[in-house]
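Side-chain atoms are counted along with the backbone in the values below, which use heavy atoms only and exclude waters and symmetry mates. Chain letters run A, B, ... following the sequence lines, proteins first and then strands; every chain starts at 1.
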Amino acid sequence: MQQDYDPQKIETEAQSIWAKNKTFKALEDSTKEKFYCLEMFPYPSGKLHMGHVRNYTIGDVISRYQRMLGKNVLHPMGWDGFGLPAENAAIQHKTAPAAWTDQNIATMRLQLQRLGFGYDWDRELTTCDPSYYKWEQWFFTKLYERGLVYKKEAEVNWDPIDQTVLANEQVIDGRGWRSGALVEKKKIPQWFIKITEYADELLSSLDDLDGWPDSVKTMQRNWIGKSVGADVTFVSTHGDLEVFTTRPDTLMGVTYLAVAADHPLAIAAAESSQAIAQFREQCQQTSTAEADLETMEKVGISLGMHATHPITGEDIPIWCANFVLMSYGTGAVMAVPAHDQRDFEFANKYQIAIKSVIKPEDEKADIGDGAFTDQGILINSGDFDGLSSDQAKQQITQWLVSNSLGRQQVNYRLRDWGVSRQRYWGCPIPMVYDKLGEASPARDFPVELPRDVVMDGVGSPIKKMRSFIDTVHPETGLEAQRETDTFDTFFESSWYYARFCCADLDTAMLDERANHWLPVDQYVGGIEHAVMHLLYARFFHKLMRDVGLLDSDEPFVKLLTQGMVTAETYHRVDQAGKLEFFNPVDVTLELDEKGSPKRATLNSDGSEVAIGGVEKMSKSKNNGVDPQGMIDRYGADTVRLFTMFAAPPDQSLEWNDDAIAGASRFLRRVYAFFYKNESTLKSTPLEQISDIDLSGLDDSCQQSVKEMRLLTHTIVKRVLRDYERQQFNTVVAAAMELTNAMEKAKWGDMQELATPVMAEAACVLLKMLAPVSPHLCEFLWEQFAEENVELNGSWLVLDESALVQDQITYVVQINGKLRAKLSVAASANNAEIEEMAKAEENVSRFLSDLTVRKVIVVPKKLVNIVAN
RNA sequence: GCCGGGAUGGCGGAACUGGUAGACGCGCCGGAUUCAAAAUCCGGUUCCUUCGGGAGUGUCGGUUCGAUUCCGACUCUCGGUACCA
């Protein structure tokens, strides 16, 4: 053993042994309990950033911990290969997205290996590889056969200069990020999958996901947004309007109807009105993002049309409003300004009547300004007056049903999944069109995406590539054209977890191995995926089950949502209005006296850049911090330890690497302890003590042995709990405390027991730290443990007898304020403890001019004396 | 806007089921070692203080013998918001 800790040497040796022995290869073995641990696979964006390191270290710590518990662990890794950044990079660097992606995967794979993550690399998969995506093409056609796929028109962001569809994140303040052009909404035909048919199951089976955080389940419930209400028909000479409402009890308070700008009624009205046509055009120039739609100013225009109120028969004016969307429900809503805040504001703005039909149950309640949106008692509602909201909902709906003017209806916020993307770098949608434009599913897979293309920034290259487009019809054999849209990349990430079970399979999408490993026992990933990715993956799992590929109902038993790693963003806007982002490492930040950021300048030329705020590390904001420099300087074990120590896994973390030197210092101290005590530790097996006899030893010996063992096992107890609750920062803190204690322990006083007690502490330290910093721990284990005894062979064992204390420290409070500490024999009863507390010098001083009213004794903790 | 989180010393964070607020680490201060520095080691480090003590976990209020922890209202902040992944 050399004197200095050399992480680079230790780590490369350990990694080559793992690679040679295929230590992490997972085989289906029914004699051992299986454990499938999975982290969300990365988009190959270039290099790893600290968000990846955190995510994958958490997963690796859990995997190695489970392995030490004796389970058969599957821990795979792969690449979410398709996506938008590859196209942007290809345009910028004049390469093909495929080449850029391959390059990034090679770089990032090396980084993952250098970090020592224990993956079964034989199962590696890449979603942009035809051997992967051909199965989702096949699967899509199965869904098509089952009637779960359909085509309809949907809006996209259209950049009229670049002649291309933009993603929401590429639209900044209503303009295209590259061209600066005002973005327009455009309707194009797109493929949809009927996720709404599974809405009820996706909602109800959330109740069974005990291993998921409540916050994620709540977000998914709210996203699905099941609401019970009524469809109501408003008859009109221009065409009947059907609207959905969750508040049929307020039906008598309807004072106008509002339709979307694209509603047939609005289109018809625009033909005879310049103003309405202009208004419709204005509505074309808004964003498609919900956040924008909800926060924009609510505007509208009267269509000059009327519909008949189903109950009163009154004329109700029809308006066109920018907040009603054609894609939600029927594209028309009924407005009750007295009882809905948005309707209220709109009515006030355009001087539309407001009719109050619900009063609070409590007469005295202050309804204040604005709409009264609570439930209550009906008024001004004719025959329905006096009913409660709940009664009225039923009775009004019933009235509508019996008059054929409506029905009870369940509505979901969840919309069908639009899977078409007008992009090149994605999985081709396996459909072909005949001469009449009729679509049929392809029969041969993969429908391969040409890799050798040039990106010019104007549309997708395959949209004008005859060799790709022209094909023969799978049924008729006649000339046909391929679909040139590609899948949403959430498609690939919705089933990769299943494919890892049988990544080498080339005759089917999945085989029986999927049922062996699934469901995933532990899934680890960023909280930003709480709804969309996790909902799509749950949906896909149920689809795969219903197609007969799987037995289980849910993909992920336990979910750990890792908090975001965030960092400051810096950007500059050029003359064309384009945004350019700069990496934090290339920027110098000046702080004001309070320590908040004042000014940021670019290191290269000293020019000022704007401080954009703290955001999650991402390619698009260029604020990802590359761990490579830290790995080179301190080694993987230090980077892993530091990342785990920085914060608990589920908490978000603003990146700051000031403290990494401390993590490195700690591992050097661990190494130094073994080096210093080499001969002692080599003279005995590195194991926990199963039986200890203190009789016949002197007091100071007994005491120092008891102290060290009390501390060791206090830490064992904490660590057992912390691994179970996945709070790894306190595991690291506990390892530091144990190391501190080992350095300070009175080994000399322990006489012949020094060796087994030290061996026990050393054993505990290496085992508890092994999942976090495995290279060093395995190295030290190799050096000091008995031959054929593996570090991973067993887990920590708590010795309750080591925790028994004969003296307990009590805290004495007076009126809740700490006044003294008291060492009490463990055998003392409450009355004795109370007397001792009152007798304590500082306590009696405080009590001298007070009357004791009450004394609370909390066993083994404290005494609180209430006095005045 | 809506949905879900978060806020504790100079900084990252700890505190089990309502029971000593600040574990562990960073930084800083002092000391040892060194020709000197780095590294390392030892000690101190919430704030105020008349050195008795007092205040203190985003803000305001409540429950309790006792609240970082439970309840109500709010502020700021992060994530998502259906074409970033």
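Checking the phosphate oxygens (OP1, OP2) of B:G12, no side-chain nitrogen or oxygen of A:N729 falls inside 4.0 Å. Of the side-chain N and O atoms in A:T489, one or more sit less than 4.0 angstrom from OP1 or OP2 of B:A85. Taking only side-chain nitrogens and oxygens, A:N168 never comes nearer than 4.0 Å to OP1 or OP2 of B:U81. An OP1 or OP2 oxygen of B:U81 is reached within less than 4.0 angstrom by no side-chain nitrogen or oxygen of A:Q220. Applying the 4.0 Å criterion to OP1 and OP2 of B:C65, one finds that A:Q813 has every side-chain N and O outside that range. In terms of phosphate contacts, A:R421 brings no side-chain nitrogen or oxygen within less than 4.0 Å of OP1 or OP2 of B:C84. Between A:R718 and B:C16, a side-chain N or O to OP1/OP2 separation shorter than 4.0 Å is absent. Side-chain N/O atoms of A:R819 include none lying less than 4.0 angstrom from OP1 or OP2 on B:U20. Checking the phosphate oxygens (OP1, OP2) of B:U20, no side-chain nitrogen or oxygen of A:K817 falls inside 4.0 Å.
Aromatic ring centroids of A:F491 and A:W417 lie under 6.0 Å apart. Between A:Y496 and A:F41, the distance from one ring center to the other falls under 6.0 angstrom.
No contact: A:V531 has no heavy atom under 4.0 Å from any strand. Within the 4.0 angstrom heavy-atom criterion, no nucleotide atom of any strand lies near A:R853. Among the heavy atoms of the strands lying under 4.0 Å from A:K821 is at least one base atom, whether or not backbone atoms are also near. Heavy atoms of A:T561 sit nowhere under 4.0 angstrom from any nucleic acid atom. A:R342 comes within 4.0 angstrom of nothing in the nucleic acid, heavy atoms only. In this structure, A:A291 reaches the bases: a heavy-atom distance under 4.0 Å links it to at least one base atom across the strands shown. Using a 4.0 Å heavy-atom criterion, one finds that A:L84 contacts the sugar-phosphate atoms exclusively. Within the nucleic acid shown, A:N864 comes within 4.0 Å of at least one base atom, counting heavy atoms only. When heavy atoms are screened at a 4.0 angstrom cut-off, A:P648 is found touching the sugar-phosphate backbone but no base atom. Across all strands, A:Q170 comes closer than 4.0 Å to no nucleic acid atom at all (heavy-atom distances). Among the atoms of the strands shown, none is found under 4.0 Å from any heavy atom of A:S618. A:W223 comes within 4.0 angstrom of a nucleotide base, judged by non-hydrogen atoms across all strands. Backbone-only engagement by A:E737 is indicated by non-hydrogen atom pairs under 4.0 Å involving sugar-phosphate atoms exclusively. Across all strands shown, A:N740 has heavy atoms under 4.0 Å from sugar-phosphate atoms exclusively, and none from any base.
Closest approach to the A:A167 side chain among B:G79, B:C65, B:C84 is made by B:C84 (side chain taken as heavy atoms from C-beta onward). Checked against B:C26, B:G79, B:A15, the side chain of A:K616 finds its nearest nucleotide in B:G79. Closest to the side chain of A:F645, from the set B:C11, B:C24, B:A21, is B:C24. When distances are taken from the side chain of A:E169 to each of B:C65, B:C41, B:C84, the shortest belongs to B:C84. Distance from the side chain of A:K854 is smallest for B:C65 among the nucleotides B:U40, B:C65, B:A14. Out of B:A14, B:G53, B:G1, the shortest distance to the side chain of A:E294 is found at B:G1. Residue A:N222 has its side chain nearest to B:G4 when only B:G4, B:C84, B:G52 are considered.
Rounded to whole Å, the separation between the C1' atoms of B:C42 and B:U46 comes to 23 Å. Comparing B:A15 with B:G22, their C1' atoms are spaced 9 Å from each other, to the whole Å. Rounded to the nearest Å, the gap between the P atom of B:U69 and that of B:U17 is 15 Å. Between B:U59 and B:G10, the distance separating the two P atoms is 14 Å to the nearest Å. A gap of 14 Å separates the P atoms of B:A21 and B:G66, to the nearest Å.
We find that CE of A:M219 is positioned 7 Å from P of B:G5, with the value rounded to whole Å. B:A85 atom C1' lies 17 Å from atom CD of A:E39, rounded to whole Å. For the pair A:L325 CG and B:C2 P, the interatomic distance rounds to 17 Å; values are reported in whole Å. Across the protein-nucleic acid pair, A:F490 atom CZ and B:G80 atom P stand 10 Å apart, rounded to whole Å. Look at CZ on A:F344: it is 18 Å from C1' on B:G1, rounded to the nearest Å. What separates CD1 of A:I224 from C1' of B:G4 is a distance of 15 Å, to the nearest Å. As a whole-Å value, the separation of A:W425 CH2 from B:C84 C1' is 17 Å. Between A:I715 atom CD1 and B:C16 atom C1' the separation is 16 Å, expressed in whole Å.
Using N1 to N3 plus N6-O4 or O6-N4 for Watson-Crick, or N1-O2 and O6-N3 for G-U wobble, each under 3.5 Å, B:U81 pairs with B:G1. In this structure, B:C51 makes no Watson-Crick or G-U wobble pair, since no nucleotide meets both defining distances under 3.5 angstrom.
Exactly one residue among A:Y536, A:Y132, A:Y133 makes a ring-ring contact (aromatic ring centres under 6.0 Å, His included) with A:W495. That residue is A:Y132. Here the rule is side chain to side chain contact (heavy atoms under 4.5 Å, CB included) with A:F487, and of A:S494, A:P428, A:C427, A:S420 only A:C427 fits it.
The glycosidic torsion of B:G6 lies more than 90° away from 0, placing the base in the anti range. A glycosidic torsion no more than 90° from 0 defines the syn conformation; B:G4 lies beyond that range and is anti.
Annotation: of the two residues near RNA chain B, A:T218 and A:T566, the 5′-most nearest-nucleotide partner is A:T218. Residue whose closest nucleotide on RNA chain B sits further toward the 5' end, between A:L653 and A:D416: A:L653.
Heavy atoms from other residues, nucleotides or ligands lying under 6.0 Å from CD of A:E841 number 12 at most. For NZ of A:K860, the number of neighbouring non-hydrogen atoms (other residues, nucleotides, ligands) closer than 6.0 Å is 12 at most.
In summary, A:R669 and A:E743 engage in a salt bridge, as defined by a charged side-chain N under 4.0 Å from a carboxylate O. Look at A:D485 and A:K463 and you find a salt bridge, because one of the NZ, NE, NH1 or NH2 atoms lies within 4.0 Å of a carboxylate O, short of that distance. The pair A:K194-A:D416 does not meet the salt-bridge criterion, since no charged nitrogen lies less than 4.0 angstrom from a carboxylate oxygen.
Taking the six-membered ring for Trp and thresholds of 30 and 60 degrees, A:H533 and A:H529 have ring planes more than 60 degrees apart, a perpendicular arrangement.
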